[in-house]
Amino acid sequence: MTSMFRNLATVGALTLLAAPAAAQTEVKIGYALAPDSHYGVAAQKLEEVVLAETGDQFAFRHFPSSGLGGEREVIEGLQIGTVEATIVSSGTLANFVSDTGVFDIPFLFRDLTHARTVLDGPIGQEILAKFDDVGLHALAWGEQGFRHITNNRNAIEHPQDVQGLKIRTMENPVHLAAFEAMGAAPTPMAWPEVVSSLQQGVIDGQENPLSVIVSVKLNEVQKYLTLSGHVYSPAMLLVSKPFWEGLDDDQKAAFEKAATEAVSAMRAYVDNVETSGVETLKERGMEVGTLSAEEKAEFQAAIQSAYEGYYETYGKELVDAIVATE
Ligand code: PAF
């Protein structure tokens, strides 16, 4: 090789070495709970599978424990494109796609299997598709479990035990109507304010699934836990529509695969905490009571008036179709 060719070869090799790595696309993912919660587990699985499928094309930045604000704020961030992804409860989803509220109706689902079948089936998937009309793209339904009541005032067995109870609800009209019908004094509140409001006695109680009560250690600020299972609590994996539209088909397929695996991880977490969580909370000092089938029926009867409103909003046919799903 002449010295000229040797120099050119060296320059070529150096150019290759110095070539900047293809720019990674940042994925900021925000969620309300800690990294070791069902949301954290799902967010980590999402990242793991996306990276495995795409190599180094994406760089994830996690914002757990409401690091980007309340769920509504985060979803609004997705709409304007300042946040790429989130895992949220159904708390404020009905403000974006009103039909999602149907899944917040108390005593709608028999058990986790029933809920998963409906959400993964045509009714759930049709509602997911509607998020594309509002600047969002819904990847999948996730899950939190069945919600139970915690409070500092008294043990709860009958609807009269919640009379006047200052209970925080999500900013969700379906939940609000149910607690009003029960005779409680519900206060809709964004999640980041809840623990301090319980600590300061601004509210007596709140309601959330075991996945949340255990991972947030609500036993530190709440004495009574009533296993009421009054409503199923879905979650959702959402990405920003501008972000989604910037992905190529392979990248979209990677996110879809990752979302399916993230949901499996989240549901496995919920399955586990639904069986182990009660013991954990008793060990941590909570007084735990379980509503019997008869007591649950009393609560169901107490919210019959709210059901009239649910039928009007969502259609009795849809509610009946969900109940009838095997
Ligand atoms: O109660 C809520 O607002 C939600 O269940 C929570 C805890 C933020 C998880 O999404």
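First listed ligand is number 1; within each ligand, the first listed atom is number 1. No experiment lies behind these values; they were computed from the predicted model shown.
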Taking only Lys NZ, Arg NE, NH1 and NH2, and the carboxylate oxygens of Asp or Glu, determine whether K28 and E26 approach each other closer than 4.0 Å.
yes
E256 bridged to K252 by N-O distance under 4.0 Å
no
Is the distance between the ring centroids of F255 and F58 under 6.0 Å?
yes
Looking only at the aromatic ring of each residue, does the gap between the centers of H62 and Y39 stay below 6.0 angstrom?
no
D161 (side chain) donor-acceptor with H158 (main chain) under 3.5 angstrom
yes
Between ligand 1 and the protein, which N/O pairs are shorter than 3.5 Å?
{"residue": "ligand 1", "atom": "1 (O)", "partner": "R147", "partner atom": "NH2", "Å": "3.0"}
{"residue": "ligand 1", "atom": "1 (O)", "partner": "R168", "partner atom": "NH1", "Å": "2.7"}
{"residue": "ligand 1", "atom": "1 (O)", "partner": "N208", "partner atom": "OD1", "Å": "3.3"}
{"residue": "ligand 1", "atom": "1 (O)", "partner": "N208", "partner atom": "ND2", "Å": "3.0"}
{"residue": "ligand 1", "atom": "3 (O)", "partner": "R168", "partner atom": "NH1", "Å": "3.4"}
{"residue": "ligand 1", "atom": "3 (O)", "partner": "R168", "partner atom": "NH2", "Å": "2.8"}
{"residue": "ligand 1", "atom": "5 (O)", "partner": "Q144", "partner atom": "NE2", "Å": "2.9"}
{"residue": "ligand 1", "atom": "5 (O)", "partner": "R147", "partner atom": "NH1", "Å": "3.3"}
{"residue": "ligand 1", "atom": "5 (O)", "partner": "N208", "partner atom": "OD1", "Å": "2.7"}
{"residue": "ligand 1", "atom": "10 (O)", "partner": "Y39", "partner atom": "OH", "Å": "2.7"}
{"residue": "ligand 1", "atom": "10 (O)", "partner": "E71", "partner atom": "OE2", "Å": "2.6"}

Any donor-acceptor N or O pair under 3.5 Å, side chains E71, S89
yes
